[in-house]
Amino acid sequence: MRLIDHFVVGGPGGPAARLGDVFNPSTGAVQAQVPLGDAALLDRAVATAQAVQPKWAAMNPQRRARVLFKFKELIEQNMQSLAELLASEHGKVVDDAKGDVQRGLEVVEFCCGIPHMLKGEYTQGAGPGIDVYSLRAPLGVGAGITPFNFPAMIPMWMFAPAVAVGNTFILKPSERDPSVPNRLAELFLEAGAPEGVLQVVHGDKVMVDAILDHPGIAAVSFVGSSDIAHYVYSRGVAAGKRVQAMGGAKNHAIVMPDADMDQAVNDIMGAAYGSAGERCMALPVAVPVGDETADILREKLIAAIDKLKVGVSNDPEAQYGPVVTAVHKQKIENWIQTGVDEGAELVVDGRGFSLQGYEQGFFVGPSLFDHVTPEMSAYKEEIFGPVLQIVRAKTFEEAVELPTKHQYGNGVAIFTRNGHAAREFVSRVQVGMVGVNVPIPVPVSYHSFGGWKRSAFGDHNQYGMEGVRFWTKVKTVTQRWPDGGAGDSAFIIPTMG
Ligand code: NAD
C-alpha cells in the first residue's frame with residue numbers, strides 16, 4: 001500500500017499513530033494511506049516555518065516573485081500528471097481536473113506581480129518636515145485548511161498570496177485527496193523556494209484543532225462546509241488569530257422567460273452536474289420564472305440528462321465521474337429520499353446507478369427534482385451531488401427573494417436578455433458572486449472570491465488584492481527629520497496643522 005507522507009522539513013519522524021484511507025472513487029478501492037498528524041508534528045512544522053520566515057520576508061519581493069514565476073512554469077510542465085493524480089483521488093474527470101489546476105495557477109500568475117502590490121502609500125509633507133508612509137508587512141506563519149473538492153486550486157488560492165507577501169505557510173489539505181497538495185509543495189521547492197517556506201501536514205480534526213490553538217500561527221484560511229467553517233472561525237479568533245473561513249453553498253440559477261433557453265440549459269447542465277455537483281459554485285437550484293418557462297426548461301433538461309455520460313475519471317468521453325467516497329454517495333442518496341419524502345417530484349432518479357466493470361465505484365447518476373419548495377429541508381441544505389432542483393417562481397420578485405433569503409449566499413446566476421432585469425437582480429440579490437448569463441461566476445484571479453451569509457465567516461475574500469490584505473498587516477510610519485534645533489515638548493495630541 002502506498003503511504004503518502006507529510007511534507008515537512010526533516011521528514012515525518014517515525015510511523016504515524018493513525019492512518020486514513022485514500023480511495024480511487026472510480027473503483028471503490030483503497031489506493032493509498034495518509035498519516036493523520038498530531039500536535040507534536042505541527043510543533044515541528046511551525047518551529048521550522050518560524051525560523052525560515054524572517055529570511056524569506058527579507059528577500060526582496062522581486063526575488064520571491066521569481067520563485068513564483070518558476071513555480072508557474074513547473075505547474076504548466078506537469079499539468080497532465082497533476083490532473084491525472086488529482087482525478088484518481090477525487091473522481092472528477094481529467095479535463096475538469098486540469099481546470100482545477102489551471103484556476104489555481106492563475107492565482108500564482110497574479111502573485112507574480114507582488115512587488116507592485118506591496119508598494120504601500122506615501123504622503124510627503126503631512127506636517128512641517130513630516131512624511132507619512134504605510135507598508136504591508138507579512139503576518140509570520142500562516143496556515144490553510146482545505147476541502148476535498150478542489151485539491152489544487154484552493155491550496156493555491158491560499159498559499160500563493162501568503163508566501164508572495166513574505167509569510168511562511170503550513171497547508172492542511174483534505175485527507176481524502178492529499179497527493180496533489182504534496183506534489184505542489186515539491187514543485188514549489190524545485191522552483192527555488194527555501195525549505196520550510198511551504199510545508200504540508202496531513203490530518204483530520206486533531207490536526208485542525210492543533211492549528212487553531214497553536215500560538216505560533218498568526219492567521220488561518222479555511223474552506224469547507226459551513227458548520228466547520230464557523231467552528232474554525234470561532235476557535236481561531238478566540239485564539240487571537242486572523243481567520244477567513246469559507247463555507248457551503250446552494251446556488252440558484254434564475255431563468256427569465258426571455259432567456260436563450262438552449263444556452264441556459266447547456267450552462268445549467270454543466271454547472272449542476274459537472275464534477276458530480278461537488279463544486280461550491282455549482283448550480284443545484286434552477287428557478288424558472290412562470291410555469292411556461294418552467295415546463296420548457298424541465299423538458300429540455302430531461303432531454304439533456306438523457307444524453308449525459310457518466311464514467312470513470314480517466315474516460316475522456318465522460319462528462320462527470322464518481323463522487324468522492326462511499327459515505328458521500330450515501331449522503332447524497334439520502335437527500336434524494338428526503339426530497340421525495342418531503343413531496344418534491346423526482347423526475348429523474350440517479351440512485352442505483354452502476355457502471356459495468358466498476359460496480360464498486362462511488363457513482364451517482366444525475367437526478368432532477370421539480371416542484372421543490374423553500375420549506376423543504378432538501379432545498380435548504382447543501383447536497384453537494386449531481387442533484388438539480390427546480391423551484392418554480394411566479395414572478396421576478398419571488399425569484400430574487402429565493403437566493404436572497406437562503407441561508408447560503410455564495411453564487412447565483414440569472415439568465416435573461418433583459419438588461420434592466422439583470423441590473424435590478426444584481427443590485428438586489430444578497431449573494432457574494434453573481435453571474436449574468438454566466439453559470440459559474442468564479443471571479444478571475446485579479447478580483448476575489450467570497451460568499452455572503454453562511455457561505456463565509458471573516459472579513460476578507462480569497463485571492464486578488466483581498467488575499468494580499470488578508471495575509472498582511474499595515475504598518476504606518478510618521479517620520480520627521482529635524483534640522484537639528486530642539487522643538488518644544490507638546491503634552492497634547494500632536495496635530496499636523
Ligand atoms: P469539510 O468541511 O468536511 O472539510 C474541510 C476541511 O476541514 C478538511 O481539511 C477537513 O479535514 C477538515 N475537517 C473536517 N471535519 C472537521 C471537524 N469536525 N473539525 C475540524 N476540521 C474538520 O468539507 P469537504 O467535504 O472537504 O468539502 C466540501 C465542502 O466545502 C462543501 O460544503 C462546499 O460547499 C465547501 N466549499 C466551499 C467553498 C467556498 O469557497 N465557499 C469552496 C469549495 C468547497
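Counting convention: from 1, in listed order, for ligands and their atoms alike.
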Ligand 1-proximal atoms of [X], by part, heavy-atom distance under 4.0 Å:
X: Arg279; value: neither
X: Gln462; value: neither
X: Phe150; value: neither
X: Ile154; value: side chain

For ligand 1, is there an N or O atom under 3.5 Å from any N or O atom of [X]?
X: Asn149; answer: no
X: Asp209; answer: no
X: Gly224; answer: yes
X: Asp204; answer: no
X: Trp157; answer: no

If the cut-off is 4.0 Å to any non-hydrogen atom of [X], which atoms of ligand 1 fall inside it?
X: Glu175; answer: 10 (C), 11 (O)
X: Val223; answer: 5 (C), 36 (N), 37 (C), 38 (C), 39 (C), 40 (O), 42 (C), 43 (C), 44 (C)
X: Gly248; answer: 32 (O), 34 (O)
X: Phe449; answer: 39 (C), 40 (O)

Thr416 backbone acceptor or donor facing Asn437 side chain under 3.5 Å: yes

Do [X] and [Y] have side chains that approach each other closer than 4.5 Å (heavy atoms only, starting at C-beta)?
X: Glu109; Y: Ser445; result: no
X: Tyr463; Y: Val468; result: no
X: Arg351; Y: Ser367; result: no
X: Leu388; Y: Tyr273; result: yes

Within 45° cone of Phe222 ring axis and under 6.0 Å: Lys172 NZ or CZ: no

Working for ring pair (Phe, Tyr, Trp, His ring centres under 6.0 Å), residues His90 and Phe150: CA-CA 9 Å; His90 175 287; Phe150 281 100; 7.5 Å; no

Which residue and non-hydrogen atom of the protein lie closest to [atom], and at what distance in Å?
atom: atom 24 (P) of ligand 1; answer: Phe148 CD2, 3.6 Å
atom: atom 7 (O) of ligand 1; answer: Phe222 CE1, 3.3 Å
atom: atom 16 (C) of ligand 1; answer: Ile228 CD1, 3.4 Å
atom: atom 27 (O) of ligand 1; answer: Pro147 CB, 3.2 Å
atom: atom 12 (C) of ligand 1; answer: Val208 CG2, 4.1 Å
atom: atom 8 (C) of ligand 1; answer: Thr146 O, 3.3 Å
atom: atom 2 (O) of ligand 1; answer: Ser225 OG, 2.6 Å
atom: atom 19 (N) of ligand 1; answer: Lys205 CG, 3.4 Å

Do you see a donor-acceptor pair shorter than 3.5 Å between the side chains of [X] and [Y]?
X: Asn182; Y: His202; value: yes
X: Ser377; Y: Glu342; value: yes
X: Asn24; Y: Glu89; value: no

Nearest option to atom 32 (O) of ligand 1, as decided by whichever heavy atom of Met207, Glu278, Met246, Glu382 sits closest: Glu382

Contacts of type salt bridge (Lys or Arg N to Asp or Glu O under 4.0 Å), residue Lys331, not counting sequence neighbours: none

Set of residues satisfying salt bridge (Lys or Arg N to Asp or Glu O under 4.0 Å) with respect to Asp267, sequence neighbours excluded: none

Proximity flag Gly247 to ligand 1, non-hydrogen atoms under 4.0 Å: yes

Stepwise salt bridge (Lys or Arg N to Asp or Glu O under 4.0 Å) test for Arg242 and Asp459: CA-CA 9 Å; Arg242 183 177 288 193; Asp459 299 319; over 6 Å; no

Nearest non-hydrogen partners of Ser275 and Tyr320, listed with the distance: N-CB, 3.9 Å

Heavy atom of protein closer than 4.0 angstrom to atom 4 (O) of ligand 1: no

